[in-house]
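Working notes for the structure below.
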Number of protein chains: 2
Amino acid sequence: MTVTAQKTNEVSSIRRELGISLPVICREIFAAHRAEIQVRNERIAVANLGKILEATLAIANRKGFAAMSLRELAERAGLSLGGLYAYIKSKDDLAVMIQAQVQRVLQQAMTNRLADIRDPAQRLSEAIRTHLYLSEALLPWFQFLYMEARHLAPSERRRAVALEQESEKIFADIIIAGQQTRQFRDCNPQVAAGMLKAMLQDWYLKHRKHRQRGLNVAGYATQVEEFINRYLAHTNS
Amino acid sequence: MTVTAQKTNEVSSIRRELGISLPVICREIFAAHRAEIQVRNERIAVANLGKILEATLAIANRKGFAAMSLRELAERAGLSLGGLYAYIKSKDDLAVMIQAQVQRVLQQAMTNRLADIRDPAQRLSEAIRTHLYLSEALLPWFQFLYMEARHLAPSERRRAVALEQESEKIFADIIIAGQQTRQFRDCNPQVAAGMLKAMLQDWYLKHRKHRQRGLNVAGYATQVEEFINRYLAHTNS
DNA sequence: GTCTATAGCATGATAGAC
DNA sequence: GTCTATCATGCTATAGAC
């Protein structure tokens, strides 16, 4: 009970702090894509964008973006097929919208929340928790980004790969800093960061499995931290 | 040089020992699907199945199975569209063929290679290496299984989920056995097995990344083992 | 055993009424 | 701002010649 409450609080604290709610996200998307979106009234546009994006994520995460027809999408979003095209330039454009937005949010959150922390061990903990809570708060968005990235146009895919590398580099740099202060033992920081990312991504890729086992984000975060801390700890033998 | 040679040898040793080569796999698939395949001549059928499956994996792993057209597949496999249908009942049937085969091979390999090993630490090492070398030897097959499993029909997807759980249970059981002999410290074996699987799957899901860093299967196996061994080792403080 | 030709249909996208 | 109606295209799957 306490754990659940704490978890909910931590996630919703991230939500509040970073402005992660469907209306806010849609307002940003509306601002970023004003040129292509034909609807001028912001209230209406944001409301419909919300329905469209929610429906896209739900359908695409179940059967895949390629297998989702725009008719099915329009129906679920409560619009006609023609009406849908007032909000998107093309089907591919829709995928790019989502991808760009979740990338932007992730990058900004990591930067903001690590800004004031100096100690490597604390930075590592904060980076792990930010990544996990963010993926929990934006679960379908993260799942979409991971599963559909390879089906994007080459230029967009390169951006996705670059962000992925950048995000891994954040972890590697923290580990290197901790090795320089001798808080962490000597080992390959890239490998450690790679393993860490694999565990972080497992949270949202196998979300159902973890929840069925009664594990919540806070509990998983603790486990990941214990894993990486034991790996980075000095051997006393 | 030595490492590369060793890696190649271990993978090709797995290949030989388990009969993992395209002709052998296609012969098994031919036997399992004789009812649906209209071509009676085994030599011809196996040869063409090989081209079809190779092309399917190549195209589907690049752009997704749903986005692959059977025209493109037939062309790449060197058959006409009509000719292709002598080998498959439908497009979905093709995905099931691949899925069932890689599941069968994985399950059999794990069972065989762990049969004669008693010591939990050795069993864990062997299970890790078998999984990794198998995914290396059958790289596009594993990638296909992971990425396309959710797009299968409900009944087939349940089978995929069940096998995934079963494979994780193998690791969890080994860890439990090691805890009973006091070789491993006390901790949640399910969580440990889950983290382990996340690292194992990362090898084939991010294969390009790892290879670009100059890491090969043998090296990655060593890293994974070090990770899990440090996690399972008794704390001496 | 493999081909060409085609049926039958669903899709992404657009035009124009309201 | 949203709709209905429609175009053009590409798809899976099959029929029948060779």
Side-chain angles (χ1 to χ4, degrees), chain A residues 26-27 29-30 33-53 55-56 59-60 62-98 148 151-153, chain B residues 26-27 29-30 33-53 55-56 59-60 62-98 148 151-153:
Chain A
C26 290
R27 209 135 44 219
I29 292 184
F30 178 63
H33 295 256
R34 234 186 190 118
E36 303 126 57
I37 296 175
Q38 295 171 19
V39 180
R40 316 299 308 169
N41 184 323
E42 175 160 342
R43 272 179 53 87
I44 295 174
V46 166
N48 279 330
L49 267 179
K51 291 190 215 158
I52 292 169
L53 295 172
T56 302
I59 301 171
R62 182 165 43 81
K63 56 161 68 172
F65 185 75
M68 175 190 75
S69 82
L70 293 186
R71 283 180 172 78
E72 184 182 2
L73 171 60
E75 190 176 13
R76 178 142 181 179
L79 275 84
S80 70
L81 178 60
L84 179 62
Y85 272 92
Y87 295 90
I88 60 170
K89 214 174 65 221
S90 70
K91 191 184 176 185
D92 288 335
D93 179 56
L94 178 58
V96 174
M97 260 187 191
I98 296 173
E148 306 295 345
H151 307 148
L152 295 170
Chain B
C26 291
R27 207 134 47 217
I29 292 183
F30 178 63
H33 295 255
R34 229 183 195 123
E36 303 124 59
I37 296 174
Q38 295 171 20
V39 179
R40 316 298 307 169
N41 183 324
E42 175 161 341
R43 273 180 52 87
I44 295 174
V46 167
N48 279 330
L49 268 179
K51 290 189 216 158
I52 291 168
L53 295 173
T56 302
I59 300 172
R62 182 164 42 81
K63 56 159 68 171
F65 185 74
M68 175 190 76
S69 82
L70 293 185
R71 282 183 172 79
E72 184 181 4
L73 171 60
E75 190 176 14
R76 179 140 179 182
L79 273 84
S80 69
L81 178 59
L84 178 62
Y85 272 91
Y87 294 90
I88 60 170
K89 213 175 64 221
S90 70
K91 190 184 176 185
D92 287 335
D93 179 56
L94 178 58
V96 173
M97 259 189 193
I98 295 174
E148 306 295 345
H151 309 147
L152 295 171

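Order of the sequence lines sets the chain letters (A, B, ...), proteins ahead of strands, with each chain counted from 1.
Chain A approaches DNA chain D within less than 4.0 angstrom (heavy atoms of the protein), and the contacting nucleotides run 5' to 3' from D:dG1 to D:dT6.
A:Asp92 places its CG atom 10 Å from the P atom of C:dG12, with the value rounded to the nearest Å. We find that CD of B:Glu75 is positioned 15 Å from C1' of C:dT4, with the value rounded to whole Å. In this structure, the NZ atom of B:Lys91 is 13 Å from the C1' atom of C:dT11, given to the nearest Å.
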Is there a side chain to side chain contact (heavy atoms under 4.5 Å, CB included) between B:Leu94 and B:Leu53 once you walk through the steps? CA-CA 8 Å; B:Leu94 178 58; B:Leu53 295 173; 4.0 Å; yes

B:Asn48 and B:Val39: CA distance, side-chain angles, deciding distance, side chain to side chain contact (heavy atoms under 4.5 Å, CB included) verdict: CA-CA 10 Å; B:Asn48 279 330; B:Val39 179; over 6 Å; no

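At least one side-chain heavy atom of B:Ile37 sits less than 4.5 Å from a side-chain heavy atom of B:Met97. Contact of the A:Tyr87 side chain with the A:His33 side chain is not registered, since no non-hydrogen atoms from C-beta on lie closer than 4.5 Å. Side-chain contact check for A:Lys63 versus A:Glu72: some heavy-atom pair is nearer than 4.5 Å. Two residues are said to be in side-chain contact when any heavy atoms from C-beta on lie closer than 4.5 Å; B:Tyr85 and B:Leu70 meet this criterion.
Residues of residues 33-46 of chain B that place a heavy atom closer than 4.0 Å to DNA chain C, in numerical order, are B:Val39, B:Arg40, B:Asn41, B:Ile44. In the region residues 79-90 of chain A, proximity to DNA chain C at under 4.0 angstrom, judged on heavy atoms, holds for A:Leu81, A:Gly82, A:Tyr85, A:Ser90.
Between the side chain of B:Glu148 and the main chain of B:Phe65, a donor-acceptor pair closer than 3.5 Å is present. Although no hydrogens or angles enter the test, the distance criterion places a donor-acceptor pair under 3.5 Å between the side chain of B:Lys91 and the main chain of B:Met68.
Pairing each heavy atom of A:Ala66 with each of B:Ala66, the nearest pair is CB-CB, 4.0 Å.
Rounded to the nearest 0.5 Å, atoms CG (B:Leu49) and CD1 (B:Ile44) are 12.0 Å apart.
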